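Computed from a predicted structure; not experimentally measured. In what follows, chains are A, B, ... by sequence order, proteins preceding strands, each numbered from 1.
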Amino acid sequence: MFDFFAAAVCLWAAAYHTPPGALVLGAIAKLTDTRTNARPLLAYYSGGVYESQTIDTPAELLDLPQPGLLAAIPQGPAIGRGVFATLKKGTVEQRKLANALATRYSIDLSLLDDPSRGPELCGVMIARAQADLGSEDAAVADFAAQRARSENRALELQVLAQQLPPSERAAVDSASRALTLGTAYALAWPVPSRTRVSSPFGYRDHPTLGRQQLHTGVDLAVAEGTEVHATSGGVVRRASEDGVNGRVVIIDHGRGVSTAYCHNSRLRVVTGQTINAGDVISDSGNTGRSTGPHLHYQLELAHQAMDPFLFKSAHSVDALVLAPKPPPPAIVPAVLPKRPNPKLLDALKVSGLDPTVVDGGLHEPDRQSPPHATEF
Amino acid sequence: MATPSAPALTRISSFFGYFRWLFMPLGLMALIAVGVHAAADTVDDRLLWLVQGLDAWMDGHFARVDALQRWVDRIGSRETTLIARALTLVWELLADGVLLLPLLGYREAAPSAFKRETWRTLLQRLNQQPTPMRLIRPIVTGIFALAGAYAIARMVDGALFISLRAGVAPDAIAQPLARAIAFLAFLHVSIALGWRAVLRALQHADSACTPVAAAATAAERLALLSGQKKPTRAKSPWTVGLVGSAIAVPLALAALLDALPLWSFFR
């Protein structure tokens, strides 16, 4: 009988956690004309936690009163904005999870939907979970974080997802969307922020191919030799040259976010190199399929090209490089518990949450300039 | 006072015993499949780096030819990731094919004394003629069995903890209880199924490397033993199963390095 239980638990695990199991479940479902909850075969690899998501363009955030952060958005509020954008399009179950977390930290549920206060409060919520658990990713579950720690592994969502049963899939999915969006909101800008845009993101008549084609990034009209900065830390996934993109750098920032910098005249990094936000990665140029000096800056979320301006804040690379530390934090008195937890205070400091700078205005991106330099 | 539960347990046990021919091979296959997947899950990102490197190299060459330039645009990060994951999937399925199919032949009708004899006989033959297949397959299967048992224990841990904390037990109790049961599950699966998988892998390797054992009928065996018939197997026992082993060994190494943090039970 014990052997039977051992075999049964192995079959359960294989059926729900392996691609061959998914194939068998799919075949059974087809034969019996029933539905199966097996995932696509390639989604069984933990590296695909962020890749299997479809990231909706977070258009509603454009309607928000933008926080007037004059320096780079610190990680906490950026993640808060990602959580807020995710909640807006989340399912009822995902909303329940967020409500439970908000209740746990005494945050008014009605304010979570408020476009002016919601992103900030989502940031506070995540910062408090972070204070409890040690990492913002770990907000998914205390348990998963402890298991990950016991395996001496980093507190990353893909590691945490491995510790959770299939019933927690919805939580993992919503967390991955929030972290992807949040990471994108934390990106800086590769060149001085007031640089003229010579060709925006979107469909256009291709200047050299002569047909309608999606322009998957933005062209920033900078002079040849202008220093190009990494918009966030990460690992250089590609530093190479070809006849289309010219000298190109692609940086993987993790959490399903990557940025590409094309048509450079000189590369200053190599493939596999780990870089920090603000590092000079190349000098801009006019290489590859290009009709004039410019930088093609491209943002991809879960392999989907997105308009970088959707995630652009008032910060500039100058602010990022010259003032890497966020301003001294002020605590939100309305949502703090009566006896503040010292770990929470530390987390808020690290996250740079500062309600005193929330009500300012965001610089509108300069997107009216006529096309100057164009590329693929 | 007689307890009525003892005969009932015996009856239940006997009932399950009738189906051992079915659930034991399936259980062994499932255990190894989970272990192989745990290993494949640790190599997928490494494969992604390789594919991305190859893509960058190919872009450099394709862009020089006008007719091929469109491929530079077409193969982007989504496509390279898809290719890398698909390669991992194919690798995993190939390893499954190499290791799982022989497990279908698992039978345990013989008494335990014969099983000991089987181990002894097989190990003697391994000692006399340590062919790569005889050496590699049982070791690789053993590693995957342990990796599978660990992955299953981790799933039991997670599922149990989340079930227990849903109103059954407070976190302070649910967590150590789930951890303890998961560890027991690891031990139980490793002991109940792990050694059987290794034995079956050794049996399969032995039969593949021994032409006499590979003969289908008794008449064929007699003819082979008497020298009237030459073995039909053209391959030397030293080269049998090398391709399968080449598929499985890197995954087994990955499992050993990254998918077996057994000490995590005690942290």
Sort out for me which of [options] touches chain A most, counting heavy-atom pairs under 4.5 Å.
{"options": "B:Glu79, B:Met29, B:Gln52", "value": "B:Gln52"}
{"options": "B:His61, B:His188, B:Met24", "value": "B:His188"}
{"options": "B:Gly60, B:Ala56, B:Pro261, B:Ala159", "value": "B:Ala56"}

When the ring planes of A:Tyr45 and B:His37 are compared, do they come out parallel, tilted or perpendicular, using 30° and 60° as the limits?
tilted
Any heavy-atom pair between the side chains of [Y] and [X] that's under 4.5 Å?
{"X": "B:Met155", "Y": "A:Trp12", "result": "yes"}
{"X": "A:Arg238", "Y": "B:Asp55", "result": "yes"}
{"X": "A:Cys10", "Y": "B:Val34", "result": "no"}
{"X": "A:Val244", "Y": "B:Asp59", "result": "no"}

Does any backbone or side-chain atom of [X] lie under 4.5 Å from a heavy atom of chain A? Answer side chain, backbone, both or neither.
{"X": "B:Leu28", "answer": "neither"}
{"X": "B:Thr81", "answer": "side chain"}
{"X": "B:Asp96", "answer": "side chain"}
{"X": "B:Ala40", "answer": "both"}

Counting a contact as any heavy-atom pair under 4.5 Å apart, which residues of residues 86-94 of chain B contact chain A?
B:Ala86, B:Thr88, B:Leu89, B:Glu92, B:Leu93
Residues from residues 142-154 of chain B approaching chain A under 4.5 Å (heavy atoms):
B:Tyr150, B:Ile152, B:Arg154
For the [atom1] atom of [X] and the [atom2] atom of [Y], what is their distance to the nearest 0.5 Å?
{"X": "B:Phe23", "Y": "A:Asp3", "atom1": "CZ", "atom2": "CG", "result": "6.0 Å"}
{"X": "A:Asp252", "Y": "B:Trp49", "atom1": "CG", "atom2": "CH2", "result": "7.0 Å"}
{"X": "B:Thr80", "Y": "A:His303", "atom1": "OG1", "atom2": "NE2", "result": "6.5 Å"}

Considering only heavy atoms, which portion of [X] lies under 4.5 Å from any heavy atom of chain B: side chain, backbone, both, or neither?
{"X": "A:Tyr44", "result": "both"}
{"X": "A:Val24", "result": "neither"}
{"X": "A:Glu300", "result": "side chain"}
{"X": "A:Thr271", "result": "side chain"}

Select, from A:Ser240, A:Gly243, A:Pro19, the one with the greatest count of heavy-atom pairs under 4.5 Å involving chain B.
A:Pro19
Going by the rule side chain to side chain donor-acceptor pair (under 3.5 Å), which residues pair with A:His17 if we only count those two or more places apart in sequence or in a different chain?
none
Hey, could you give me each pair passing salt bridge (Lys or Arg N to Asp or Glu O under 4.0 Å) that has a residue in residues 173-193 of chain B? Not counting sequence neighbours.
B:Asp157-B:Arg179
